[in-house]
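Positions are given from 1, in the same order as the sequence printed here.
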Amino acid sequence: MRLLIVTLLAAGLPLQACNRKAEPPEPTGLTAEELAAEAPAPITDDPFAGPPSAGTDPQAPATRTPVDAADAGPVILELISETAYLNERRQYVVDLLERDMAYLTLVVTDQDGNPVQGAQLEYAISGTSRVVPIGEDPVTDDLGWSEIGVVGGKMGADTLTVTYQDRSLEVLINVISLQSVGFASLDEDQADLRWDTLMQARLRFEADNRVAADFPSDVEGHSGKTVKLIGFMMPLESEEKQKHFLLTSNPPSCFFHIPGGPAGAVEVFAQKGIKASWDPVLLEGRFETVQGSETGVIYRLHDARVVSR
């Protein structure tokens, strides 16, 4: 995965992008003339041609003294994402499947590299995608960090704008539909709870690695009741019939990444086992909201069974 750091200096400097330094290609197949050719000189007026990166991660703020936002003066605002890239128009872009979640980290430092704590960041997004706060307030901590999630809406190009002081940083959210990449869309008309509703839960990551959540009233009202849910199966066992798995808002693409984040998955327990499948599955079972989970689970479905459609 590629890690890009986009920097906006409060002093008025343009955006800069830093990539991991690639290893030089093997010369196999090149002619003598090609081998003798010199690399072109860098374009000095390129606003994205910044100094080479010393690493793929920002400098550890723990080695510096935090500065209160009121005393920081001009700052440096960095946006970090593992899934971002620059397109041909040199826009910072995040590709995102509908209902999937991208995690973004904002890092605020002063011009001496000290983390700025207590910086109140503002987020605005156009289109159908939405920002999911991670924590209670979008305020930087003593490391100068503030994290948010972005959940993809309907297919299209949405724009996320992050603002602090008199500076703003824009990210193009390129939302891709499931059908366009070959997956079936979910027919949620048969479900009692839709993913758009489930994913409105506000998450809080607590110090002991537990996940707490504030649930929408529509979700909380279904806790303890029998409901129907439709989604994609993310197996957790090696058996063909799964007794313990995740039901997710999107087709799983990585075992270590839950589509949609914690609010985009339901932990399912099925006594008789349910055959693993890439196709959407409609389930019925006893729904439960979970507080203080150590595994990141905030929803469970007990005694689940497949409902024919």
A.B. asks: Applying side-chain contact (heavy atoms from CB on, under 4.5 Å) to Leu169 and Thr161, what does each step give before you reach the verdict?
C.D. replies: CA-CA 6 Å; Leu169 190 155; Thr161 303; over 6 Å; no

A.B. asks: Taking all non-hydrogen atoms of both residues into account, name the closest pair between Ser126 and Asp158 and its distance.
C.D. replies: O-CB, 3.0 Å

A.B. asks: When you look at Phe215 and Ile298, which way does the side-chain contact (heavy atoms from CB on, under 4.5 Å) test go after all the steps?
C.D. replies: CA-CA 9 Å; Phe215 300 104; Ile298 65 172; 4.1 Å; yes

A.B. asks: Roughly how far, to the nearest 0.5 Å, is OH of Tyr123 from OG of Ser146?
C.D. replies: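 The distance works out to 3.5 Å.
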
A.B. asks: May I ask whether Val290 and Leu301 are part of the same hydrophobic cluster, defined by side-chain heavy atoms of I, L, V, M, F, W, Y residues being less than 4.5 angstrom apart, directly or through others?
C.D. replies: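 Result: no, two separate clusters.
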
A.B. asks: Is there a donor-acceptor contact under 3.5 Å from the side chain of Gln190 to the main chain of Lys228?
C.D. replies: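 The answer is no, because no donor-acceptor pair under 3.5 Å joins these two groups.
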
A.B. asks: If you take all heavy atoms of Met155 and Ile176, which pair is closest and at what distance?
C.D. replies: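 Closest approach of Met155 to Ile176: CG-CA, 4.4 Å.
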
A.B. asks: Any idea which heavy atoms bring Ile173 and Ser129 closest together, and the distance?
C.D. replies: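 That would be CG2-OG, 4.1 Å.
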
A.B. asks: Does any part of the side chain of Ser177, heavy atoms only, come nearer than 4.5 Å to the side chain of Lys154, both counted from C-beta?
C.D. replies: no

A.B. asks: Would you give the length of the straight line joining atom CD of Gln91 to atom OH of Tyr85, rounded to the nearest 0.5 angstrom?
C.D. replies: 9.5 Å

A.B. asks: Can you tell if the side chain of Tyr299 reaches within under 4.5 Å of the side chain of Leu246, non-hydrogen atoms only?
C.D. replies: no

A.B. asks: Got a second to check how far Leu106's CG is from Thr140's OG1, nearest 0.5 Å?
C.D. replies: 9.5 Å

A.B. asks: If you look at every heavy atom in Glu240 and Lys275, which pair is closest and at what distance?
C.D. replies: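 Here Glu240 and Lys275 meet closest at OE2-CE, 3.1 Å.
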
A.B. asks: May I ask you to say whether Asp142 pairs ionically with Arg64, meaning some side-chain N is under 4.0 Å from a carboxylate O?
C.D. replies: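 Salt bridge between Asp142 and Arg64, a charged N being under 4.0 Å from a carboxylate O: no.
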
A.B. asks: Classify the ring geometry of Trp278 against Phe183: parallel below 30°, tilted from 30° to 60°, perpendicular beyond 60°.
C.D. replies: tilted

A.B. asks: Kindly give the heavy-atom pair with the smallest separation between Trp195 and Gly231, and that separation in Å.
C.D. replies: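 In this case the closest contact between Trp195 and Gly231 is NE1-CA, 4.1 Å.
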
A.B. asks: Applying the 4.5 Å side-chain criterion to the ILVMFWY set and letting contacts propagate, would Trp145 and Val67 be lumped into a single cluster?
C.D. replies: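 No; tracing contacts between hydrophobic side chains, which count when under 4.5 Å, never links both residues.
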
A.B. asks: Quick check: do Asp189 and Arg194 have side-chain heavy atoms less than 4.5 Å from each other?
C.D. replies: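 Yes - at least one pair of side-chain heavy atoms lies under 4.5 Å apart.
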
A.B. asks: Looking at OG1 of Thr248 and CG of Asn250, how far apart are the two atoms once the value is rounded to the nearest 0.5 Å?
C.D. replies: 6.5 Å

A.B. asks: When rounded to the nearest 0.5 angstrom, what is the spacing between CG in Leu282 and CZ in Arg305?
C.D. replies: 9.0 Å

A.B. asks: Are Phe232 and Phe245 an aromatic pair, judged by ring center distance below 6.0 Å?
C.D. replies: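 Centroid separation for Phe245 and Phe232: 6.0 Å or greater.
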
A.B. asks: Can Asp192 and Glu284 be said to form a side-chain contact (heavy atoms from CB on, under 4.5 Å), step by step?
C.D. replies: CA-CA 10 Å; Asp192 297 313; Glu284 185 177 65; 5.8 Å; no

A.B. asks: Mind checking whether Val107 and Leu79 have side chains closer than 4.5 Å, heavy atoms only?
C.D. replies: no

A.B. asks: Could you check whether any side-chain heavy atom of Glu170 comes within less than 4.5 Å of a side-chain heavy atom of Leu160, counting everything from C-beta outward?
C.D. replies: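 Of all side-chain heavy-atom pairs linking Leu160 with Glu170, none is under 4.5 Å.
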
A.B. asks: Could you pull out the closest heavy-atom pair between Ala270 and Gln242, with the gap in Å?
C.D. replies: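 Looks like CB-O, 4.1 Å.
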
A.B. asks: Is any side-chain heavy atom of Leu229 closer than 4.5 Å to a side-chain heavy atom of Val266?
C.D. replies: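 SC-SC contact between Leu229 and Val266 confirmed.
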
A.B. asks: Starting at OG1 of Thr128, measure out to CD of Glu98 and round the result to the nearest 0.5 Å.
C.D. replies: 9.0 Å

A.B. asks: Classify the side-chain pair Asp68/Gln117 by whether it contains a donor and acceptor separated by less than 3.5 Å.
C.D. replies: no

A.B. asks: Is there a path from Ile125 to Leu121 through hydrophobic residues (I, L, V, M, F, W, Y) whose side chains come within less than 4.5 Å of each other?
C.D. replies: yes

A.B. asks: Check the side chains of Asp95 and Asn174 for a donor-acceptor pair under 3.5 angstrom, ignoring hydrogens and angles.
C.D. replies: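 Side chains of Asn174 and Asp95: pair found under 3.5 Å.
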
A.B. asks: Please say whether more than 12 non-hydrogen atoms of neighbouring residues, nucleotides or ligands are located less than 6.0 Å from CD in Glu237.
C.D. replies: yes

A.B. asks: In the structure I gave you, are the side-chain heavy atoms of Val108 and Ile76 within less than 4.5 Å of one another anywhere?
C.D. replies: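 A side-chain contact is absent here, since even the closest heavy-atom pair is not under 4.5 Å.
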
A.B. asks: Quick one: does His222's side chain get under 4.5 Å of Leu193's, heavy atoms only?
C.D. replies: yes

A.B. asks: Hydrophobic cluster membership, with links at side-chain heavy-atom distances under 4.5 Å among I/L/V/M/F/W/Y: are Val151 and Val297 in one?
C.D. replies: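 No, it is not one cluster - the side chains of Val151 and Val297 are not joined through contacts under 4.5 Å.
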
A.B. asks: Please test Val219 against Phe287 for side-chain contact (heavy atoms from CB on, under 4.5 Å), starting from the C-alpha separation and ending with a verdict.
C.D. replies: CA-CA 9 Å; Val219 173; Phe287 180 70; 4.0 Å; yes

A.B. asks: Decide whether Leu104 and Leu96 are clustered together by the hydrophobic rule: side chain heavy atoms of Ile, Leu, Val, Met, Phe, Trp, Tyr closer than 4.5 Å, transitively.
C.D. replies: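 Yes, same cluster.
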
A.B. asks: Go through the steps to decide whether Thr289 and Glu220 satisfy the test side-chain hydrogen bond (donor to acceptor under 3.5 Å, both in side chains), and finish with yes or no.
C.D. replies: CA-CA 7 Å; Thr289 56; Glu220 193 68 71; 3.3 Å; yes

A.B. asks: For the pair Asp141 (side chain) and Leu143 (backbone), establish whether a donor and an acceptor sit closer than 3.5 Å, ignoring hydrogens and angles.
C.D. replies: yes

